[in-house]
Amino acid sequence: MDSTFLELTKLLPRWVDIENVIQGEVEARYILKRATGYIENFQSRGDSGEEETRYLICALVDRNWERIHTGHFSRVPLNTRKIYAIGCYFKICFLLLESSSPAQKELCSGILDEAQLLGCMEDWSELKVALMDYLDKGRSEDSGNLPILESLKRISCTCDIPQLEAPSLQEFQTKCFQAGQPTLLLNTIQHWPALHKWLDLNYLLQVAGNRTVPIEIGSNYASDEWSQQLVRIRDFLRRQFGGDRSKSPQDIEYLAQHELFSQIPALKGDISIPDYCSISKEDPPGAVDIKAWLGPAGTISPMHYDPKHNLLCQVFGSKRIILAAPEDTENLYPHESEFLANTSQIDVSQLDLETYPLVEKVKFYHLLLQPGDCLYMPPKWWHYVRSEAPSFSVSFWWE
Amino acid sequence: MPLLFTGFNAFGQHECVSGDVDCAAGFSEINAPVSTQNQCTISIGWRYAALALGRKLCLRGLLDDGPNECVTLEATGDIKALSAGDSHCLVLLHSGQLYRVQPKLQAELLVVRLEAPPQTNQGTKRSIFGVPKAPQSPIIEHIACGSHINVAISSENSVYSIPSCLHQFSERQFRVKQLQCGHEHAVLLNVNGDVFTWGNGLRGQLGQAVLKVEETPELLEALAGIKITQIAAGGWHSAAISAFGDLYTWGLNCSGQLGMRVMKPGGFLKEPTVYPLPQLQDLPECGCSQGAESSDDCAPLRVFAGSRHTLLIRRCGRPWASGWCKHGQLGKQLHNLSYVDAFQSLDGIIMNTSSDDVFCGPWSTLLYLKG
């Protein structure tokens, strides 16, 4: 038993810390009472009941996974997500008691990431950081296997929306924000270290390889063949950017709309929130959601809109973007289903006027988003996005 | 008359006979005072199991503080059906009266009062003295519940989302054959062979092309015109068997519960996990001695479902299953796997298809062999 691990067990929630979370939760109370009791006393007695307690903790995690997946995620009680996270902490601890082999540690870091994605961990962030350090320690990614991308030569091409060269806050506020005018902002993120650092995919592998993230499989999320799953960034990078990709055609995987930077703080240091996001009708301005979009050439986000102000910043690669105004919504045939109500049924890359005749009335705006560019889109503006090359974008959403 | 159990039993929901004697296919026999004399019905919740014999009801498992807790109650009449949910167990008497009981040591049977269905134009009924008669409480015939749904159906074909009436089937010939609930959806089969679904369909469990929440029963169009004889509702999936012996499954396939492949070849990436429309399942050859003569002898006949697994009985009496098996829900033989994503036989058990019964708990399977 190494001493770092013993220190970690001291950070685990104690019974008194969680009693209020599990009030009225019969099974969580029984199982966590056993688990906390076991950990609090485990140095002073043998391993009596260890196997059974480990099984019960795993069952509690499975059970709360099911509860989290029942009904709308937004309506899952916070306590259910807290119990899930607490359960995951204990599960990791019991798995490490069983073995601390590299394979077991890898299994555990996957559980920790899943706890972060589904659970509510805010009460135990110190434990989260300590566990992540412990599980990542001693790992070294074999670097050098992934390419260093070349920075793209800037192409001059037509752009159907206004372009502004590093506008001042005042200028952005009047010409873009208040005018509700989608605009291409040039030379506003040149100072980001990400612009050159991330071209070396081995850097991303080093910093983020061991993290588990949700990816989308299939070229676009509105198709029947589409699915979503959790994978390790390491495996995703190797499959999608590794050397032998060109040899075998394979499924397109897209790390899309993921809050990568709260999961991996080291990457957050390579970017900064543009000052434009502080312009808001709310006082004080609300939080900014930062999302990562990383994938190979050919990822497609079908025509859709988002409810917030959006600044889409291109770190590497380029994206072909087609916009349409909110006024054209009824001509764009949104899907009927609740999930896809913000998504159009039409394929803007291949307009089918026979099935969707109203599309003829729509005014489309075309542009190419290149490295270092930012696209400002007001709320509810429709956009279709296709990557032309391996691409990494960061989007900022705010109210 | 053995009761054979497999699956999640960490709270002593089921008392195994003499230690842990394994029977065929990795099932264990459990202790329960069942006999041919009195009717027995069982429903399995996540942390407790409910068993009724005549008018006696027994709840076992984790009720208040620890495992192996047990409480026995007596209803006012013989119990017809049970449905064990997370926070309560529905108890239906042969008289049509509905009760609920909380799974705790101080359990008591509480009458469930249902709101009257919207009145038809008959006007208020009056007694011979002119006093308005209190509306008769409906006679309930079918019950089912999940963590987010509670359904009862009356002899008059009123459908209740307990306690309010949400739908009235008005066709005179309409008769309910089967009612099942998943965690958040309901599936209903009538004697005509039509399937109706409602509730949360965001994981494809309603069998409708568009993923949405459906407040009231909707005919499952994709199966219209096919006479269905059996249905089952799992946690987020559903299954149906037709009179032709075809098996259809739809909904969530995260653990292979539809009998469909979870991972793409290569083993890294997932196939789609949601199938909103009924998928016709092509079952493997049964391979039993009866099937050698005609494949019809091994057509699927009955189907049952737990939270993430599906069990079917083929005409020859052999049980087949697919789905999540991490907690032993498909028999302990598979205990080193976490799921099976194609139907496979549970060897060593032959069921009597007319008399034997199956009760699936969320993470367990119970076979009631009466023959």
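Side chains included, hydrogens not; waters and symmetry mates left out as well; all remaining heavy atoms used. Every chain is numbered from 1, with letters handed out A, B, ... down the list of sequences.
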Using a 4.5 Å cut-off on heavy atoms from C-beta on, say whether the side chain of [Y] contacts that of [X].
{"X": "B/Met263", "Y": "A/Gln229", "result": "yes"}
{"X": "B/Leu252", "Y": "A/His69", "result": "no"}
{"X": "B/Phe8", "Y": "A/Tyr55", "result": "yes"}
{"X": "B/His327", "Y": "A/Asp62", "result": "yes"}
{"X": "A/Val26", "Y": "B/Lys104", "result": "no"}

### Query
chain B heavy atoms under 4.5 Å from A/Arg63: which part of the residue, side chain, backbone, both or neither?
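Contact with chain B involves both backbone and side-chain atoms of A/Arg63.
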### Task
Would you check, one step at a time, whether the test side chain to side chain donor-acceptor pair (under 3.5 Å) holds for A/Glu66 with B/Trp363?
CA-CA 11 Å; A/Glu66 292 198 341; B/Trp363 299 359; 3.2 Å; yes
### Query
So which of B/His183, B/Glu271, B/Arg203, B/Lys212 has the largest heavy-atom pair count under 4.5 angstrom toward chain A?
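Maximum pair count with chain A is reached by B/Arg203.
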#### Entry: Pairs of heavy atoms under 4.5 Å with chain A: top-ranked of B/Leu202, B/Leu63, B/Val210, B/Val274
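Heavy-atom pair counts peak at B/Leu202.
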### Message
Check this for me: does any side-chain nitrogen of one of B/Asp65 and A/Arg29 sit under 4.0 Å from a carboxylate oxygen of the other?
### Response
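Judged by the 4.0 Å cut-off on N to carboxylate O distance, B/Asp65 and A/Arg29 do form a salt bridge.
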### Query
Between B/Lys270 and A/Asp251, does at least one N-O distance fall below 4.0 Å, as a salt bridge requires?
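No, this pair does not count.
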### Query
For atom CG of B/Asn336, is the number of surrounding heavy atoms from other residues, nucleotides or ligands below 6.0 Å larger than 12?
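More than 12 heavy atoms, drawn from other residues, nucleotides or ligands, come within 6.0 Å of this atom.
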### Query
Any donor and acceptor pair, going by atom type alone, linking the side chain of A/Glu52 with main-chain N or O of B/Ala10 inside 3.5 Å?
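Checked: no pair found.
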Using 0.5 Å steps for rounding, measure from the [atom1] atom of [X] to the [atom2] atom of [Y].
{"X": "A/Trp226", "Y": "B/Thr273", "atom1": "CH2", "atom2": "OG1", "answer": "8.0 Å"}
{"X": "B/Leu269", "Y": "A/Phe236", "atom1": "CG", "atom2": "CZ", "answer": "10.5 Å"}
{"X": "B/Leu211", "Y": "A/Leu340", "atom1": "CG", "atom2": "CG", "answer": "7.5 Å"}
{"X": "B/Asp86", "Y": "A/Thr70", "atom1": "CG", "atom2": "OG1", "answer": "9.0 Å"}

### Query
Can you say whether B/Tyr275 sits under 4.5 Å from chain A via the side chain, the backbone, both, or neither, judging by heavy atoms?
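Contact with chain A involves no heavy atom of B/Tyr275 at all.
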### Minimum heavy-atom distance between A/Ser227 and B/Pro272, given as atom pair plus value
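Closest pair (atom of A/Ser227, atom of B/Pro272, distance): CB-CA, 3.5 Å.
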### Message
Counting heavy-atom pairs under 4.5 Å with chain B, which one of A/Leu56, A/Ile217, A/Val231 comes out on top?
### Response
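The candidate making the most pairs under 4.5 Å is A/Ile217.
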